[in-house]
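What follows is a single structure, written as structure tokens, with notes after it.
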Amino acid sequence: MGHHDHPHKFDPANAARLDDPLRREAMPPARLAAALALQPGDRVADIGSGAGYWLISLLDASPDGVVFQGVDSEPAMLAVLEERLRNHPRRADVTLTRSTEHAVPLADGSVDVVVMGAVYHELADRPGFLREVRRLLSPGGRLAVIDWDALPPGVERTMGPPTDERVPFATALEEIGAAAFTGAAPIDGFRESYCLVARKAA
Ligand SMILES: C[S@@+](CC[C@H](N)C(=O)[O-])C[C@H]1O[C@@H](n2cnc3c(N)ncnc32)[C@H](O)[C@@H]1O
């Protein structure tokens, strides 16, 4: 099934919309970088990396020795990211990997931090995908989920997916806790959206 058949999938033709000054205010990548405080040796997978909104910001903010996987199920999105990274001085620290709807082809325990930005609401099977994320993570590894929050009734969205496609903050918190992640806590500074960072429970 292509993205055109699936009402909840982002259309790669709109990739440019993912990088917007208003979005940078609502979902500030610098806040995530500060919260994660990546250290040399950390292996980061940005799953549903799209045009690299999170990946490129984290790459720019991280010390040498932090390595990244850009993972996406949509080849057209990986192509956009590859193009945006073309002349990046740290291009060699990024590997691009195509995944499928339910599986990420990375080894067990091979990732220290998983970032999922504006993709949680697109997943066909969120509990199943969280099991897959746990499998990838090393002991004590961290998961950051950033997504658009549900809006109060009557409030019009300015950005992001329609309200009825969103996963509210409370739902994400509950699902991530139920999937054996601990200490799930929101990072400050996000508007109309949330950024949850949790740790893989032993
Ligand atoms: C709305 S875009 C967000 C892209 C980027 N993370 C950002 O925040 O700008 C969602 C991305 O997730 C990808 N995606 C959707 N479902 C996926 C899945 N099950 N596994 C991997 N990627 C997925 C889409 O192809 C798209 O690139």
Side-chain angles (χ1 to χ4, degrees), residues 1-33 36 44-61 68-85 94-106 111 113-137 143-149 157-167 172 175 179 187 189-197:
M1 190 167 85
H3 57 270
H4 297 295
D5 311 316
H6 195 301
H8 300 291
K9 293 293 177 189
F10 191 84
D11 184 346
N14 296 326
R17 274 193 212 159
L18 295 172
D19 209 339
D20 172 283
L22 282 176
R23 185 181 182 205
R24 289 192 170 270
E25 285 173 29
M27 285 185 168
R31 293 280 189 152
L32 178 62
L36 292 176
V44 182
D46 182 353
I47 303 179
S49 46
Y53 182 88
W54 304 100
L55 189 150
I56 294 172
S57 300
L58 291 172
L59 178 65
D60 289 341
F68 292 83
Q69 286 274 350
V71 178
D72 207 292
S73 55
E74 181 56 66
M77 282 300 209
L78 288 169
V80 170
L81 179 52
E82 179 154 45
E83 181 58 30
R84 289 189 73 195
L85 285 169
V94 184
T95 306
L96 301 181
T97 299
R98 184 178 179 193
S99 58
T100 62
E101 181 56 40
H102 302 287
V104 177
L106 298 176
V111 172
V113 177
V114 166
V115 174
M116 294 179 54
V119 61
Y120 196 65
H121 73 276
E122 291 193 7
L123 300 174
D125 173 13
R126 297 196 296 269
F129 207 88
L130 289 171
R131 282 194 295 278
E132 178 67 345
V133 168
R134 266 185 64 83
R135 181 188 70 73
L136 302 178
L137 282 172
L143 165 65
V145 170
I146 309 102
D147 219 328
W148 298 100
D149 204 355
R157 75 184 156 125
T158 52
M159 288 169 280
T163 301
D164 63 356
E165 292 181 14
R166 297 180 178 205
V167 178
E175 291 174 351
I187 303 305
F190 287 71
R191 262 198 298 112
E192 295 181 50
S193 61
Y194 51 86
C195 175
L196 269 166
V197 178

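The first residue of the sequence shown is numbered 1, and numbering continues consecutively from there. Just so you know, ligand 1 is whichever comes first in the structure, and atom 1 is the first atom listed for that ligand. These numbers come from the heavy atoms of this one structure, side chains and all, not from hydrogens, waters or symmetry mates.
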Starting from [atom], locate the nearest protein heavy atom and write down its residue, its atom name and how far away it is, to 0.1 Å.
{"atom": "atom 24 (C) of ligand 1", "answer": "Asp72 OD1, 3.4 Å"}
{"atom": "atom 16 (N) of ligand 1", "answer": "Lys9 NZ, 2.6 Å"}
{"atom": "atom 15 (C) of ligand 1", "answer": "Glu122 OE1, 3.2 Å"}
{"atom": "atom 3 (C) of ligand 1", "answer": "Gly117 O, 3.5 Å"}

Taking the side chain as C-beta and beyond, is there a heavy-atom pair between [X] and [Y] under 4.5 Å?
{"X": "Trp54", "Y": "Val44", "value": "no"}
{"X": "Thr158", "Y": "Glu192", "value": "yes"}
{"X": "Leu32", "Y": "Ile146", "value": "yes"}
{"X": "Leu143", "Y": "Val197", "value": "no"}

So if I count the atoms of ligand 1 from 1 in the order they appear, which ones are less than 4.0 Å from some heavy atom of [X]?
{"X": "Gly50", "answer": "4 (C), 27 (O)"}
{"X": "Ser99", "answer": "20 (N), 21 (C)"}
{"X": "Trp54", "answer": "6 (N), 7 (C), 8 (O)"}
{"X": "Met77", "answer": "27 (O)"}
{"X": "Arg23", "answer": "7 (C), 8 (O), 9 (O)"}
{"X": "Val119", "answer": "12 (O), 14 (N), 15 (C), 16 (N), 17 (C), 23 (C)"}
{"X": "Glu101", "answer": "16 (N), 19 (N)"}
{"X": "Glu74", "answer": "25 (O)"}

**Prompt:** Is a donor on one side and an acceptor on the other found under 3.5 Å between the side chain of Asp72 and the backbone of Gly50?
**Reply:** yes
**Message:** I'd like to know if the side chain of Asp46 reaches the main chain of Gly70, judged simply by a donor and an acceptor atom lying under 3.5 Å from each other, with no hydrogens or angles considered.
**Reply:**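 No.
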**Prompt:** Hey, what do you get for OG (Ser49) to CE (Met77), rounding to the nearest 0.5 Å?
**Reply:**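 Result: 9.0 Å between the selected atoms.
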**Fill in**
Note: heavy atom closest to atom 5 (C) of ligand 1, options Gly48, Gly70, Ser73, Ala51, belongs to Gly48
**Request:** Just do the side-chain contact (heavy atoms from CB on, under 4.5 Å) check on Met116 and Val114 with the steps written out, would you?
**Result:** CA-CA 7 Å; Met116 294 179 54; Val114 166; 3.8 Å; yes
**Request:** May I ask whether Val71 has any heavy atom positioned less than 4.0 angstrom from an atom of ligand 1?
**Result:**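 Val71: no contact with ligand 1 (<4.0 Å).
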**Fill in**
Contact region, Pro161 to ligand 1, non-hydrogen atoms below 4.0 Å, reads neither
**Prompt:** Can Arg191 and Asp149 be said to form a salt bridge (charged side-chain N to carboxylate O under 4.0 Å, His left out), step by step?
**Reply:** CA-CA 9 Å; Arg191 262 198 298 112; Asp149 204 355; over 6 Å; no
**Request:** Would you mind checking if Glu165 and Arg157 are paired as a salt bridge, meaning a charged N to carboxylate O distance below 4.0 Å?
**Result:** no
